[in-house]
Amino acid sequence: MTKSEDLTVVEGDITRLEVDAIVNAANQSLLGGGGVDGAIHRAAGPELLAECRGIGGCPTGEARITKGYRLPAKWVIHTVGPVWHGGERGEAQLLADCYRNSLALVRSQGLQSVAFPAISCGVYGYPLEQAVRIAVDTVREELKSFETPPRVVFCCFGEDMARLYRNELARM
Ligand code: ADP
């Protein structure tokens, strides 16, 4: 079995996915925002915000887990992607850390499936092709260290983004 069999690309709204956990591209406050973060909070309901308040924020590159409340997903993994400042401020490392730390929670909770949005690819302004390469490379590398790798879904808003992921997955 090759590891790539555990990676799929789905186009659509991450809040609709029936997976053990969806990943939220949150901000450091963990108190909600626009984009995918807003969509997740709206779909999960106010209990999610209440739990997030108790966490007290999350540094860039790290990840925290909460329940999914009204989402089909049982869990939400909140990670904070880097804002793109031109690439000289550790953005690549921080973005890779988001995927690594999210998968560390998947492992510690024994989850069997997880869906990632394109972290930092919205208002945080990361160049899309670079971000997609980091996402795919980092997830592939991390899955090697699982005894039973989880199913990983890259959930894309729009066909253009989905194509970038499919091309990247086909590259190797
Ligand atoms: P960031 O602040 O990390 O850039 P954004 O939420 O602005 O996060 O965007 C991250 C990515 O998530 C973008 O590619 C955006 O198109 C996508 N996105 C926005 N809403 C959803 C959603 N409901 N499901 C999946 N992806 C989404």
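Read the numbers this way: they start at 1 and go in the same order the structure lists the ligands and their atoms. Computation of the quantities below employed the complete heavy-atom set of this structure, encompassing side-chain atoms and omitting hydrogens, waters and symmetry-equivalent molecules.
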(message) What I want to know is whether Asp13 and ligand 1 share at least one N or O pair that is separated by under 3.5 angstrom.
(response) yes

(message) Would Ile14 count as being in polar contact with ligand 1, using the rule that some N or O on each side must be under 3.5 angstrom apart?
(response) yes

(request) Indicate yes or no: does Asp137 engage Arg140 in a salt bridge with an N to O separation below 4.0 Å. (result) no

(message) Show the atoms of ligand 1 that are less than 4.0 angstrom away from any heavy atom in Gly12.
(response) 24 (N), 25 (C)

(request) Considering heavy atoms of the protein only, find what lies nearest to atom 12 (O) of ligand 1 and give residue, atom and distance to 0.1 Å. (result) Val36 CB, 4.0 Å

(request) Considering only non-hydrogen protein atoms, determine which one is nearest to atom 7 (O) of ligand 1 and report residue, atom name and distance to 0.1 Å. (result) Val123 N, 3.0 Å

(message) Could you walk me through whether Asp97 and Gln93 satisfy the side-chain contact (heavy atoms from CB on, under 4.5 Å) test, starting with their C-alpha distance in whole Å, then the side-chain angles of each, then the deciding distance to 0.1 Å, before giving a yes or no?
(response) CA-CA 6 Å; Asp97 287 345; Gln93 183 65 41; 3.3 Å; yes

(message) Which of the numbered atoms in ligand 1 are under 4.0 angstrom from any heavy atom belonging to Cys121?
(response) 4 (O), 14 (O)

(message) Any atom of ligand 1 sitting under 4.0 Å from a heavy atom of Gly158?
(response) no

(message) Check Arg166 with Glu159, please: is the shortest side-chain N to carboxylate O separation under 4.0 Å?
(response) yes

(request) Flag Met161 as yes when one of its N or O atoms lies below 3.5 Å from any N or O atom of ligand 1, and as no otherwise. (result) no

(message) Students should be able to answer this: which protein heavy-atom is nearest to atom 22 (C) of ligand 1, and at what distance?
(response) Phe157 CE1, 3.5 Å

(message) Using every non-hydrogen atom in the two residues, find where Met161 and Ala118 come nearest and quote the distance to one decimal.
(response) CE-CB, 3.8 Å

(message) Can you report which non-hydrogen protein atom sits closest to atom 4 (O) of ligand 1, along with the distance?
(response) Gly122 N, 2.8 Å

(request) Among all protein heavy atoms, pick out the one at the shortest distance from atom 8 (O) of ligand 1; state its residue, atom name and that distance to 0.1 Å. (result) Ala25 CB, 3.9 Å

(request) Answer with yes or no whether the hydrophobic clustering places Leu95 together with Val139; edges join I, L, V, M, F, W, Y residues whose side-chain heavy atoms lie under 4.5 Å apart. (result) yes

(request) Any atoms of ligand 1 less than 4.0 Å from a non-hydrogen atom of Ala118? List them with their elements. (result) 10 (C), 11 (C), 14 (O)

(message) Tell me whether Gln112 at atom CD has more than 12 heavy atoms from other residues, nucleotides or ligands lying less than 6.0 Å away.
(response) no

(request) Consider every N or O of Asp37 and every N or O of ligand 1, then say whether any pair is closer than 3.5 Å. (result) no

(message) Do Leu164 and Val23 sit in one hydrophobic cluster, given that two such residues count as connected whenever their side-chain heavy atoms are within less than 4.5 Å of each other, even indirectly?
(response) yes

(request) Supply the atom-to-atom distance Leu103 CG to Phe146 CZ, rounded to the nearest 0.5 angstrom. (result) 5.0 Å

(message) Around atom CZ of Arg107, are there more than 12 heavy atoms from other residues, nucleotides or ligands closer than 6.0 Å?
(response) yes

(request) Starting from atom 3 (O) of ligand 1, find the nearest protein heavy-atom neighbour and note its residue, name and distance. (result) Ser120 N, 2.8 Å

(message) Going by side-chain hydrogen bond (donor to acceptor under 3.5 Å, both in side chains), Asn24 matches just one of Thr15, Asp37, Thr79. Which one?
(response) Asp37

(request) Identify, by atom number and element, the atoms of ligand 1 in contact range of Ala39, meaning under 4.0 Å from any of its heavy atoms. (result) 23 (N)

